[in-house]
Number of protein chains: 2
Amino acid sequence: MQQLNRQELRQKLVSCSLKATHQRIVVYEALLGLHGHHPAAEEVYRLLKPANPSISLGTVYKILDVFAENGLVRRVFSEQGCKRYDANTMAHSHIYCSNTREIIDFEDPELEELLQGFFQRRNMQNFEMHSFAIQLTGNKKEPDQQVSITKL
Amino acid sequence: MQQLNRQELRQKLVSCSLKATHQRIVVYEALLGLHGHHPAAEEVYRLLKPANPSISLGTVYKILDVFAENGLVRRVFSEQGCKRYDANTMAHSHIYCSNTREIIDFEDPELEELLQGFFQRRNMQNFEMHSFAIQLTGNKKEPDQQVSITKL
DNA sequence: TTCCAGATAAGAATTTTTCTTATGTAAGAA
DNA sequence: TTCTTACATAAGAAAAATTCTTATCTGGAA
């Protein structure tokens, strides 16, 4: 995950015409630090509270929402009852493990390319597509081990 | 959408080793009737309450959960905060329209086939895939009109 | 610096979901 | 058919997740 310093984070916010407040910076920093973890607002709040005692949960909700609207983070589709966020806005899919309840990042350039190509050719009437996302649902055979792919 | 009578619904439940209670039958019936609508528990409840005054919201939640566990309905991944359900368990994708906030069923056999083939060939280590799902996010150009595809 | 549109804190309020417990009922057994 | 019991439901409390309200504060433009 890209390791940005505060000044760079500040830049990133400003480039989205967002005020670079301290709260927004630490929330963004936390999300980047939690690469692959897809936290809910509550988790981000719990993480930040010790070092930022004045931060409020409502603010974290608002900030995540604003970030999502501005494309700084992705909302992760979730079968669970709560919203999750992902600072990785690159094209990637998610794996839902029924065993461990994890949401796992799954980067498969071939898959992305395949779909990219498909949708470029596919003629959709009355629809302007912004993005697509795939989820795989299943089980990790070894819960402790990672999921990986071998080339075709 | 398949138009099943009560007796057939009863059969369907029993075939999943679920007791065919009146509540389950009307919930299932409602879901089938709302083809393409992807309701949340609350919506199903509101719909059923007039004709079934004794039904309880908690029961609807439980029933939808049981149905999902038994493959009678699909949980629809949603960016929104609440769980949605879909009685159409055939392979299909969902389109999220940012304008209208709709979730639209999108059947594209070629796409399903393409992915089916891809995942059959793709070797995934330590993962047993049960299903995959795609969402397209974007905007309907004409909010009132339908989205459709033209063959390649 | 000053100023102010927009951001935050705090906590109330609302919405969504789960849980608990007493009661009810479907469906198999007698 | 009636009995039995394991499972399902109703009701509402409780918990969890999210939004809203309002007073206060602050980043950054002028």
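Just so it is clear: chains get the letters A, B, ... in the order the sequence lines come, proteins before strands, and each one is counted from 1.
Look at CG on B/Leu64: it is 10 Å from P on C/dT17, rounded to the nearest Å. One atom, CD of B/Gln11, and another, P of C/dA26, lie 16 Å apart when rounded to the nearest Å. The CG-P distance, from A/Leu13 to C/dG6, rounds to 17 Å in whole Å. Across the protein-nucleic acid pair, B/Lys62 atom NZ and D/dA10 atom C1' stand 11 Å apart, rounded to whole Å. Rounded to a whole Å, the CZ atom of B/Arg84 is 13 Å from the C1' atom of C/dT16. When the P atom of C/dT17 is taken as reference, atom CD of B/Glu43 falls 11 Å away, rounded to whole Å. Between B/Tyr45 atom OH and D/dG12 atom C1' there is a gap of 11 Å when expressed in whole angstrom units. Spacing between atom CG of B/Leu57 and atom C1' of C/dT15 amounts to 11 Å, rounded to whole angstrom units.
For C/dT18, one of the phosphate oxygens OP1 or OP2 lies less than 4.0 angstrom from a side-chain nitrogen or oxygen of B/Lys83. Distances shown here put a side-chain N or O of A/Tyr61 below 4.0 Å from the OP1 or OP2 atom of D/dT18. Distances shown here put every side-chain N or O of A/Arg24 at or beyond 4.0 Å from the OP1 or OP2 atom of D/dG27. For the pair A/Gln23 and C/dA9, the criterion of a side-chain N or O lying under 4.0 Å from OP1 or OP2 is met. Residue A/Thr21 places no side-chain N or O under 4.0 Å from the OP1 or OP2 atom of D/dG27. A sub-4.0 Å separation between OP1 or OP2 of D/dG28 and a side-chain N or O of A/Arg10 is present.
A salt bridge between B/Arg75 and B/Glu69 is present, with a side-chain N of the basic residue lying under 4.0 Å from a carboxylate O of the acidic one. Contact check on A/Lys140 versus B/Glu128 returns no salt bridge, with no Lys/Arg side-chain nitrogen under 4.0 Å from an Asp/Glu carboxylate oxygen. The existence of a salt bridge linking A/Arg6 and A/Glu29 is confirmed by a sub-4.0 Å separation between a basic side-chain nitrogen and an acidic carboxylate oxygen.
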Candidate pair A/Glu8 and A/Lys12, rule salt bridge (Lys or Arg N to Asp or Glu O under 4.0 Å), full reasoning: CA-CA 6 Å; A/Glu8 288 165 324; A/Lys12 204 124 204 278; over 6 Å; no
Please step through ring pair (Phe, Tyr, Trp, His ring centres under 6.0 Å) for the pair B/Phe132 and B/Phe119, ending with a clear verdict. CA-CA 9 Å; B/Phe132 60 81; B/Phe119 286 118; 5.4 Å; yes
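B/Thr59 comes within 4.0 angstrom of a base, heavy atoms only. In this structure, A/Ile63 reaches the sugar-phosphate backbone alone: every heavy-atom distance under 4.0 Å involves primed, P, OP1 or OP2 atoms, never a base. At a threshold of 4.0 angstrom between heavy atoms, the contacts of A/Ile55 are confined to the sugar-phosphate backbone, with no base atom among them. Heavy atoms of A/Ala40 sit nowhere under 4.0 angstrom from any nucleic acid atom.
Each of B/Ala41 and A/Ser17 was assigned the nucleotide of DNA chain C with the nearest heavy atom; the assignment lying further toward the 5' end belongs to A/Ser17. Comparing B/Leu18 and B/Lys49 by the nucleotide of DNA chain D that holds the closest heavy atom to each, the one mapping nearer the 5' end is B/Leu18.
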